[in-house]
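Predicted model only: the values in this text are computed from it and were never measured. Heavy atoms only: backbone and side chains are in, while hydrogens, waters and symmetry mates are out. The chain is numbered in sequence order, starting from 1.
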Amino acid sequence: MKKILKTTFIIFLLLILGACSAKSNTPLKKMESTGKNEEVATEPGLAMSVEGGTYILPFDKKIDDGTKYLCLFVKIQNITGEEIDISSSDFTLHDENGEKVSAEFVIGTDEIFESLGFETLKNKNYLAAPIVFPVNTEKKYELHYLPSIFYDENESINMKIDLKEFSDDTTTITEQVEQYVQAVFLGSNEIEESKLMNDLKKEKEAFKKESMNVLKKNFREYEPTKKELRETISKLQEINRAKGKFSVVLTELNTVCATVYIKPATVMISDLNKMAIENQYITENGDKYEDYKEANREGEKYFLQELNKKISEKPITTDKDMREEGFELDLENVAGKWKVLSEEKDRNDDFDYLAKAFRGGLNQYSY
């Protein structure tokens, strides 16, 4: 999903939490977003309001020492009688000690989210755009807008900002992904409700069926029953729930998309020497069968029985295809709820590799 970042500015960005569109020179109308702030600050010919906000995490930043990134949805109304230029540098936050915090330009790796850069606003129109500030959550702030047509700081348009008003998915999205992993990949029945838009029950069963199908394709002479396949995959999930581990780290979140990295350590069964186990059985029991094909069939049946035993014995390890940071998992904000892009593989390149790691490293050519 990672792409080369654009450096061009879009003309106008109207954001609703989880959705995004671009317009310019728009007649005045209400803009919906997260949070609430009905206060409107004005100067002759100009009005500023904060229509809401939310906390985000730019892809190249970290949340530490109480610092977070607040994305404010700011609306500027122009009735000056002339065009005005608006830039993110026109906006600053001032804390209770008078220290200024400058806005930061943020563009998402999704190439959809983009904070305010530089715009020209026609008369009798408004501009609604996201503006991002690094903030200390322990402080109180006031938003100042000093248009380029003003030169005296005393003429700035000011508005108090309550940091507690705004939603913060940066603190909850990793927990939502952890629940997804527990339910879908590890087959947990303890996850009854989820804030994700995904149907966890449906995806859990789909993953199990896919895993059963992948395991089945590794048998040539013997055809395992559905019961045998389900028991093996269920056993693998049970053991991974008991002694497997995984971590979830958030690396980017904006109003449109989010990215986390998952590092699982699970039981790997793809490295078992299936041929050696089957040959040992055939060597010891070959004289019981009339032909080699029948012996091979029984050898594969024996391997399946041994597989269920060895699942419990094997230690946990990481998948050989995993990068150091883990597997990337992408989510999309849909009408205010997050959705794991499990069915859109073209937008979630690592998803199949992540699923493979939780099915013991198996693919249809493992053995």
Legend entry - Test side-chain hydrogen bond (donor to acceptor under 3.5 Å, both in side chains) applied to Tyr289 - qualifying residues, sequence neighbours left out: Tyr281

Inset, instruction - Determine yes or no for a side-chain-to-main-chain donor-acceptor pair under 3.5 angstrom, with Asn279 supplying the side chain and Ala276 the backbone. - result: no

Legend entry - Gap separating the NZ atom of Lys356 from the CG atom of Asp350, nearest 0.5 angstrom: 11.0 Å

Legend entry - Enclosure of Glu290 CD (heavy-atom neighbours >12, cutoff 6.0 Å): no

Inset, instruction - Report yes or no: do Asn333 and Lys339 form a side-chain donor-acceptor pair below 3.5 Å? - result: no

Legend entry - Check: Asp95 side chain, Lys139 main-chain N or O, donor-acceptor pair, under 3.5 Å: no

Legend entry - Backbone of Asn125 reached by a side-chain donor or acceptor of Asn78 within 3.5 Å: no

Legend entry - Closest non-hydrogen atom pair between Ile316 and Gly244, with its separation: CG2-CA, 4.0 Å

Legend entry - Any donor-acceptor N/O pair, Glu252 side chain to Thr109 backbone, under 3.5 Å: yes

Inset, instruction - May I ask you to check whether over 12 heavy atoms, not counting those of Lys243, lie within 6.0 Å of atom NZ? - result: yes

Legend entry - Salt bridge present between Glu205 and Arg230 (N-O < 4.0 angstrom): yes

Inset, instruction - To the nearest 0.5 angstrom, please state how far the CD atom of Glu328 sits from the CG atom of Leu354. - result: 11.0 Å

Legend entry - Side chain to side chain, Lys68 and Thr170, heavy atoms closer than 4.5 Å: yes

Legend entry - hydrophobic_cluster_shared for Met268 and Phe358, side chain cutoff 4.5 Å: no

Legend entry - Passing option when Val248 is tested against Glu178, Gln176, Lys263 for side-chain contact (heavy atoms from CB on, under 4.5 Å): Glu178

Inset, instruction - Please answer whether the main-chain N or O of Phe185 pairs with a side-chain N or O of Gln237 as donor and acceptor at a distance below 3.5 Å. - result: yes

Legend entry - Test: Glu221 and Lys301 ion pair at under 4.0 Å: no

Legend entry - Lys/Arg-Asp/Glu bridge criterion (N-O < 4.0 Å) met for Arg359, Glu210: yes

Inset, instruction - Using a strict cut-off of less than 4.0 Å between a Lys/Arg side-chain nitrogen and an Asp/Glu carboxylate oxygen, indicate whether Lys140 and Asp162 qualify as a salt bridge. - result: no

Inset, instruction - Taking atom types as modelled, find out whether Lys208 and Ser234 have a side-chain donor-acceptor pair closer than 3.5 angstrom. - result: yes

Inset, instruction - Is it possible for you to check whether Lys202 lies under 6.0 Å from the centre of the six-membered ring of Phe207, through NZ or CZ, and within 45° of that ring's axis? - result: no

Inset, instruction - Indicate yes or no for a side-chain donor-acceptor contact from Glu300 to the backbone of Arg220 under 3.5 Å, with no hydrogens or angles considered. - result: yes

Inset, instruction - Answer with yes or no whether the side chains of Asn240 and Thr266 bring together a donor and an acceptor at under 3.5 Å. - result: no

Inset, instruction - Mind checking the NZ-OG spacing from Lys320 to Ser270? Nearest 0.5 Å is all I need. - result: 6.5 Å

Legend entry - Residues Ser115 and Glu104: side-chain donor-acceptor under 3.5 angstrom: no

Legend entry - Geometric class of the Phe303/Phe219 ring pair [parallel <30°, tilted 30-60°, perpendicular >60°]: tilted

Legend entry - Donor-acceptor under 3.5 Å (Lys314 side chain, Leu272 main chain): no

Legend entry - Salt-bridge present (Glu82, Lys122; N to O < 4.0 Å): no

Inset, instruction - Compare every heavy atom of Trp338 with every heavy atom of Asn254, then report the nearest pair and how far apart it is. - result: O-CH2, 3.5 Å

Inset, instruction - Please check if atom CD in Gln305 has more than 12 non-hydrogen atoms from other residues, nucleotides or ligands closer than 6.0 Å. - result: yes

Inset, instruction - Taking all non-hydrogen atoms of both residues into account, name the closest pair between Asn136 and Tyr141 and its distance. - result: N-OH, 2.9 Å

Legend entry - Hydrophobic cluster membership, Tyr55 vs Val249, 4.5 Å side-chain cutoff: no

Legend entry - Verify same cluster id: Leu70, Met48 (apolar side-chain graph, 4.5 Å): yes

Legend entry - Any donor-acceptor pair under 3.5 Å from Ser156 side chain to Asn158 backbone: no

Inset, instruction - Taking all non-hydrogen atoms of both residues into account, name the closest pair between Met322 and Pro264 and its distance. - result: SD-CD, 3.5 Å

Inset, instruction - State, without any angle test, whether Glu203 and Asn198 hold a side-chain donor-acceptor pair at a distance under 3.5 Å. - result: yes

Legend entry - Closest non-hydrogen atom pair between Thr92 and Ser102, with its separation: CG2-CA, 4.5 Å

Legend entry - Under-4.0 Å salt bridge between Glu238 and Arg241: no

Legend entry - Glu193, CD: over 12 other non-hydrogen atoms inside 6.0 angstrom: no

Inset, instruction - Evaluate the side-chain proximity of Ser89 to Phe118: yes if any heavy-atom separation is below 4.5 Å, no if none is. - result: no

Legend entry - Check: Ile76 and Tyr126 side chains under 4.5 Å, non-hydrogen atoms: no

Inset, instruction - Determine the sole option in Leu72, Val74, Leu127 for which the side-chain contact (heavy atoms from CB on, under 4.5 Å) test with Leu116 is passed. - result: Leu127

Legend entry - CG-CD distance between Asp110 and Glu332, expressed to the nearest 0.5 angstrom: 9.5 Å

Inset, instruction - Classify the side-chain pair Lys288/Asn285 by whether it contains a donor and acceptor separated by less than 3.5 Å. - result: yes

Legend entry - Side-chain donor or acceptor of Asp291 paired with backbone N/O of Glu294 under 3.5 Å: yes

Legend entry - Spacing of CG belonging to Leu229 relative to CD belonging to Glu223, to within rounding of 0.5 Å: 9.0 Å

Inset, instruction - Carefully, step by step, assess Thr232 and Leu215 under the rule side chain to side chain contact (heavy atoms under 4.5 Å, CB included). - result: CA-CA 9 Å; Thr232 300; Leu215 178 59; 3.7 Å; yes

Legend entry - Crowding at NZ, Lys337 (>12 non-hydrogen neighbours, <6.0 Å): yes

Inset, instruction - Measure across Phe91 and Phe133 and return the closest heavy-atom pair with its distance rounded to 0.1 Å. - result: O-CE2, 3.8 Å

Legend entry - Between CG on residue Leu307 and CD on residue Glu228, distance to nearest 0.5 Å: 11.0 Å

Legend entry - Side-chain H-bond candidate by donor/acceptor type, Thr259 with Thr251, under 3.5 Å: no

Inset, instruction - Evaluate the criterion side chain to side chain contact (heavy atoms under 4.5 Å, CB included) for residue pair Tyr353 and Asp319; output intermediate values, then yes/no. - result: CA-CA 9 Å; Tyr353 293 101; Asp319 191 284; 6.0 Å; no

Inset, instruction - Taking the side chain as every heavy atom from C-beta outward, state whether Tyr302 and Glu278 have any pair of such atoms under 4.5 Å apart. - result: no

